[in-house]
Number of protein chains: 2
Amino acid sequence: MARRRRRVSPEQILHAAALEFAERGYAGARVDRIARRAAVNKAMLYYHFTSKQQLYRTLLRQMFSRAAERLQAIAGSNAAPAAKVDRVIAAIAAVIQEHPVFPSIMLREVAEGGAHLDRATLLALASVPRAVAAIVEEGVASGAFRAVHPVFAYFSVLAPIVFYLAGTPIRKELSHLHVIDLRALSPAEFVAAMQDAARRSFARDRRVRRAS
Amino acid sequence: MARRRRRVSPEQILHAAALEFAERGYAGARVDRIARRAAVNKAMLYYHFTSKQQLYRTLLRQMFSRAAERLQAIAGSNAAPAAKVDRVIAAIAAVIQEHPVFPSIMLREVAEGGAHLDRATLLALASVPRAVAAIVEEGVASGAFRAVHPVFAYFSVLAPIVFYLAGTPIRKELSHLHVIDLRALSPAEFVAAMQDAARRSFARDRRVRRAS
DNA sequence: CATAGAAAACTAACTAGTTAGTTAACTGAA
DNA sequence: TTCAGTTAACTAACTAGTTAGTTTTCTATG
């Protein structure tokens, strides 16, 4: 109690930066505001990070690396492919629950085309789809899955979760306008539905009727 | 040929604005750059649109309204629900092909939480999920679909397409780094795969094995 | 232990450049 | 003459990054 003069930690700045970048995007984020949110003098921020860009890259590299680590652990385990997909979906949801800024930053960076990222950050980002693709390829090779394209599988699983969770504020806005009657659908229910849908979508055929 | 002095049209400005907002986002977009892209004096831009914000809102209202119109036409037709879903997916892909800026702007706006939008624009935006939800609810009610939540259905269908198409530049960046070996997957193939996955995911049960 | 001096942590105020929006004056057609 | 359409130049506010100088903490030596 009553610590005399709280030391400035880079983590404290990264945390504030995550909130600011998630809310406003790279261009909309203000370094002064990040410093204020971190309760740190701006020059102190520049003492720890050389520029706004480097701060952003550090943040994203950290975020993507942590997410990829988890997925790689799942991919490397010896569960059945269908169980791995289930766990991947749960892991993505868990990472997002721990870092609620993740979906928004990811959406923005995809829209931006990776304009602010360097090689190292792109490498970290790429590990995420790679882990998912490895699981799907294994499932297809072993005959547990039908011949789904791993890139399609990646997007069809990740995109809805990220989109749904990033969209929470705008959905709140819309329901506030009484413009759409979104029957409550909690994140947990969404994840369960996604697991169910993925299972059905990847499962080997047992004759499916074609839509007219 | 050799038109003497092309009149400035608002459409020409809107077109340039769409490119700029898609590439840079609302905060990153520069009014000077929009004017230059439209080959128009900046004061002329302000002659037609009262502010950057109003230009943005006009653009988004137009885009969402056009997309919603198409989906409403499909929802109102008398095809079977499964066929309607097929057509909705194709229609979303078609709208995006005609307006390649759509996915990027949509991703950004979701991430932003609708911060720059007014009531009219939010209304136009809401019409898109409403049309999809109506189709799914009809399918569930008629027994053609299993009991999928319409909000989940909307996200599981729309998000992958938007994400995949918005992600084209960053995927190009990644494959350029030889960091991931994305077997070519064309937009047309992606759409077909999405239609297939949706059919499987919404179809009424005929016993599905649970993943361990 | 005491303390000088170096290194690290910290700050208020500043700078150079940018940006949305304005203005005052001009042009040509009805 | 009138006035919608058009322009270059301007302005007030903002923004990333810097600087010059202060305070705290660490370290080594008598």
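So you know, we letter chains A, B, ... as the sequences are listed, proteins then strands, and number each from 1.
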**OP:** Could you please name the option among D:dA4, D:dT7, D:dT18 that lies closest to any side-chain atom of B:Met44?
**Re:** D:dT7
Subject >> Nearest-neighbour nucleotide for the B:Lys42 side chain, C:dA8, D:dT19, C:dA20 considered >> reply: C:dA20
Calculate the interatomic distance between [X] atom [atom1] and [N] atom [atom2]; express it in whole Å.
| X | N | atom1 | atom2 | value |
| --- | --- | --- | --- | --- |
| A:Tyr47 | D:dT23 | OH | P | 17 Å |
| B:Tyr46 | D:dA8 | OH | P | 17 Å |
| B:Leu45 | D:dG5 | CG | P | 15 Å |
| B:Asn41 | C:dT22 | CG | P | 14 Å |
| A:Phe21 | D:dA16 | CZ | C1' | 12 Å |
| A:Phe49 | D:dA16 | CZ | P | 16 Å |

**OP:** Would you mind listing every ring-ring contact (aromatic ring centres under 6.0 Å, His included) that reaches into residues 52-79 of chain B, with sequence neighbours excluded?
**Re:**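 Listed by first then second residue: B:Phe21-B:Tyr56, B:Tyr26-B:Tyr56, B:Tyr56-B:His116, B:Phe64-B:Phe102.
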Original post:
Restricting to pairs with a member in residues 70-95 of chain A, which pass ring-ring contact (aromatic ring centres under 6.0 Å, His included), not counting sequence neighbours?
Top reply: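 Output for this query is empty, none listed.
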**OP:** If the plane angle is over 60° it's perpendicular, under 30° parallel, otherwise tilted; pick one for A:Tyr164 and A:Phe190.
**Re:**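 Geometry flag for A:Phe190 against A:Tyr164: parallel rings.
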Original post:
Under a 4.0 Å heavy-atom cut-off, which of residues 29-37 of chain A touch DNA chain D?
Top reply: A:Ala29, A:Arg30, A:Val31, A:Asp32
**OP:** Return the set of residues passing side chain to side chain donor-acceptor pair (under 3.5 Å) with B:Arg24 (not counting sequence neighbours), or none when no residue passes.
**Re:** none
Subject >> For A:Thr58, all residues meeting side chain to side chain donor-acceptor pair (under 3.5 Å), sequence neighbours excluded >> reply: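 So A:Thr58 forms a side chain to side chain donor-acceptor pair (under 3.5 Å) with A:Gln54.
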Subject >> Summary of salt bridge (Lys or Arg N to Asp or Glu O under 4.0 Å) pairs that have at least one residue in residues 111-120 of chain A, sequence neighbours excluded >> reply: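 Salt bridge (Lys or Arg N to Asp or Glu O under 4.0 Å) check on residues 111-120 of chain A returns A:Glu112-B:Arg108.
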Original post:
If you look only at pairs with a residue in residues 29-49 of chain B, which of them pass as a salt bridge (Lys or Arg N to Asp or Glu O under 4.0 Å), with sequence neighbours excluded?
Top reply: B:Glu20-B:Arg33, B:Glu20-B:Arg37, B:Glu23-B:Arg37, B:Asp32-B:Lys42
Original post:
Are any side-chain N or O atoms of A:Arg146 and backbone N or O atoms of A:Ser201, one a donor and one an acceptor, separated by less than 3.5 Å?
Top reply: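 Checked: pair present.
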Original post:
Between B:Ala43 and A:Ala43, who's closer to the 5' end of DNA chain D by nearest nucleotide?
Top reply: B:Ala43
Original post:
Which pairs with one or both residues in residues 69-83 of chain B pass side chain to side chain donor-acceptor pair (under 3.5 Å), sequence neighbours excluded?
Top reply: B:Arg70-B:Glu98
Original post:
Residues from residues 51-63 of chain A sitting under 4.0 Å of DNA chain C, heavy atoms only?
Top reply: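 Going residue by residue through residues 51-63 of chain A, none turns out to have a heavy atom under 4.0 Å of DNA chain C.
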